[in-house]
There are 2 protein chains.
Amino acid sequence: MSKGQETRQRLLDSAQQLMYSRSYSDVGVQEICNNAKVQKGSFYHFFASKSALTVEVLEQLKMQMIESILMPAFAKDLTPSRRFERFIDYAYQHQVQIKEEYGYVLGCPMGNIALEMSTQDETIRKKVETLFESIFYVFVDVLDDAKIAGELDADADTTELAQVCLAYGEGVLLIAKTKNDPEVVKQLLPYVSKLIGFKCLPD
Amino acid sequence: MSKGQETRQRLLDSAQQLMYSRSYSDVGVQEICNNAKVQKGSFYHFFASKSALTVEVLEQLKMQMIESILMPAFAKDLTPSRRFERFIDYAYQHQVQIKEEYGYVLGCPMGNIALEMSTQDETIRKKVETLFESIFYVFVDVLDDAKIAGELDADADTTELAQVCLAYGEGVLLIAKTKNDPEVVKQLLPYVSKLIGFKCLPD
DNA sequence: GGTTGACTTTACCGAACGGTCAACTAGAAT
DNA sequence: ATTCTAGTTGACCGTTCGGTAAAGTCAACC
């Protein structure tokens with residue numbers, strides 16, 4: 001990676017960390033720069049605006065989420081319903097680790113930015129919308145697998161169920177963040193199987 | 001109401017409207033005052049800080065939510081499952097109306113503030129937590145009714161189910177806001193009955 | 001009629017905001 | 001050796017931020 005790209009990456013990482021642990025509005029360009037050891041002028045050499053940087057942060061966030069949680073959790077070495085169980089466990093462990101590190105449950109970085117910025121920055125809103133779509137496809141895929149495996153009714157609407165899963169996941173993380181308690185994730189997220197309607201639930 | 005209390009109320013209403021349609025951070029004390037036709041000095045006569053005002057806005061929000069949506073929707077003139085259907089319809093209609101009025105789906109005013117402020121202002125976080133508890137009790141109540149009416153298994157954990165309902169509702173509103181589409185509410189919220197596990201679903 | 005206290009007005013504070021700009025540096029290409 | 005350019009630097013812009021303070025207004029009460 002060239003020197004310039006390294007600087008650029010430091011800005012992205014700095015912004016991601018600061019915005020996730022606090023909020024978009026609470027973190028200024030100056031602070032992002034200080035944290036990344038970059039001068040403000042350089043910031044505007046790489047990014048047109050704070051908003052444009054945020055769109056790239058969101059893209060990075062999506063890639064990390066898919067590679068470090070979604071792909072390993074939904075790997076096809078288990079039955080679809082077991083994959084969901086693994087996903088729930090990963091999500092729980094992740095929030096536990098976040099709380100240890102920051103002292104706060106931080107929830108979903110995309111959901112956080114979505115609620116804060118959707119009415120204020122159309123570019124950011126659109127970006128989060130497509131991010132959610134990417135995650136949505138992952139859910140559709142595993143739900144289609146469940147159909148094939150006979151764990152799900154053949155007439156189930158997998159695209160609708162995928163949306164339902166996404167919504168419920170975001171909701172659980174919102175409550176967990178509000179209560180500042182990762183145990184909420186462990187307690188509530190398993191109900192997603194009732195939502196999906198898996199035929200033979202392991203108990 | 002005395003003149004002072006009227007001024008105070010105008011500030012609360014102004015803050016509620018502005019913060020709901022945008023965000024906590026994006027709305028300044030000055031703008032709240034301009035909108036309420038009150039001088040900034042008066043603001044600090046009535047409220048110790050922007051944060052303290054917000055706590056009172058949240059309290060007002062809770063009361064409005066309970067009186068104008070929760071109480072009428074969950075009134076005991078219908079069976080518990082029918083009450084949920086009515087609640088879903090109210091929630092949908094409300095977001096439709098909001099979108100007509102503001103051009104944006106604004107979701108849940110409490111959820112919005114919760115995600116934005118939970119890590120930055122402990123007083124606000126705590127307040128939202130107790131707000132959610134009040135709503136939670138409403139759900140517990142109707143779920144207990146459902147048990148008595150035989151619409152719900154006698155061994156169902158109503159306190160856990162109430163939390164699940166709350167989480168799912170918040171999640172659906174988050175997605176609806178992100179997509180800026182109130183139809184999401186109409187499409188996804190009915191799945192709450194699968195989550196609860198009503199015995200005899202009307203279809 | 002003078003005093004009190006709630007409320008209003010206005011000017012002000014230092015700090016931070018997002019963003020701009022021109023000058024500068026250093027390494028690669030010609 | 002010189003030119004070009006990606007990247008860096010730090011000063012600067014006007015505006016807004018949350019919050020303070022002091023003077024002024026007005027109605028109620030003694």
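Computation of the quantities below employed the complete heavy-atom set of this structure, encompassing side-chain atoms and omitting hydrogens, waters and symmetry-equivalent molecules. Chain A is the first sequence line, chain B the second, and so forth, proteins listed ahead of strands; every chain is numbered from 1.
Side-chain rings of A/Phe198 and A/Phe84 approach one another, their centers coming within less than 6.0 Å.
Within the structure, no pair that satisfies the salt bridge (Lys or Arg N to Asp or Glu O under 4.0 Å) test touches residues 90-116 of chain B, not counting sequence neighbours. Counting only residues at least two apart or in different chains, salt bridge (Lys or Arg N to Asp or Glu O under 4.0 Å) contacts with residues 173-188 of chain A are absent.
Between A/Thr7 and D/dG7 there is no side-chain N or O to OP1 or OP2 distance below 4.0 Å. In this structure, B/Gln39 does not reach the C/dT8 phosphate: none of its side-chain N or O atoms is under 4.0 Å from OP1 or OP2.
Going from atom NE2 of B/His45 over to atom C1' of C/dA6 covers 5 Å, rounded to whole Å. Residue A/Gln9 contributes atom CD, which lies 14 Å from atom P of D/dG7 at whole-angstrom precision. For the pair B/Phe46 CZ and C/dT9 C1', the interatomic distance rounds to 13 Å; values are reported in whole Å. A/Lys37 places its NZ atom 15 Å from the P atom of D/dT8, with the value rounded to the nearest Å.
Salt-bridge annotation for B/Glu129 and B/Arg125: present, with a side-chain N of the basic residue lying under 4.0 Å from a carboxylate O of the acidic one.
The ring-ring contact (aromatic ring centres under 6.0 Å, His included) search around A/Phe87 returns A/Phe74, A/Phe139, not counting sequence neighbours.
Contacts with DNA chain D (heavy atom under 4.0 Å) in residues 112-121 of chain A: none are found.
A donor-acceptor pair under 3.5 Å is formed between the side chain of B/Thr178 and the backbone N or O of B/Leu174. A distance-only check finds no donor-acceptor pair linking the side chain of B/Ser118 to the backbone of B/Leu115 [under 3.5 Å].
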Produce a footprint string for nucleotides 17-23 of chain C: one letter per nucleotide, 5' end first; B if the base is under 4.0 Å from any protein heavy atom, S if only the sugar-phosphate is, - if neither. SBBBB--
Donor-acceptor contacts under 3.5 Å from residues 43-52 of chain B side chains, at least two apart:
from	atom 1	to	atom 2	distance (Å)
B/Ser49	OG	B/Ser51	N	3.4
B/Ser49	OG	B/Ala52	N	3.1
B/Lys50	NZ	B/Tyr24	O	2.8
B/Lys50	NZ	B/Val27	O	2.9
B/Ser51	OG	B/Asp121	OD2	2.8

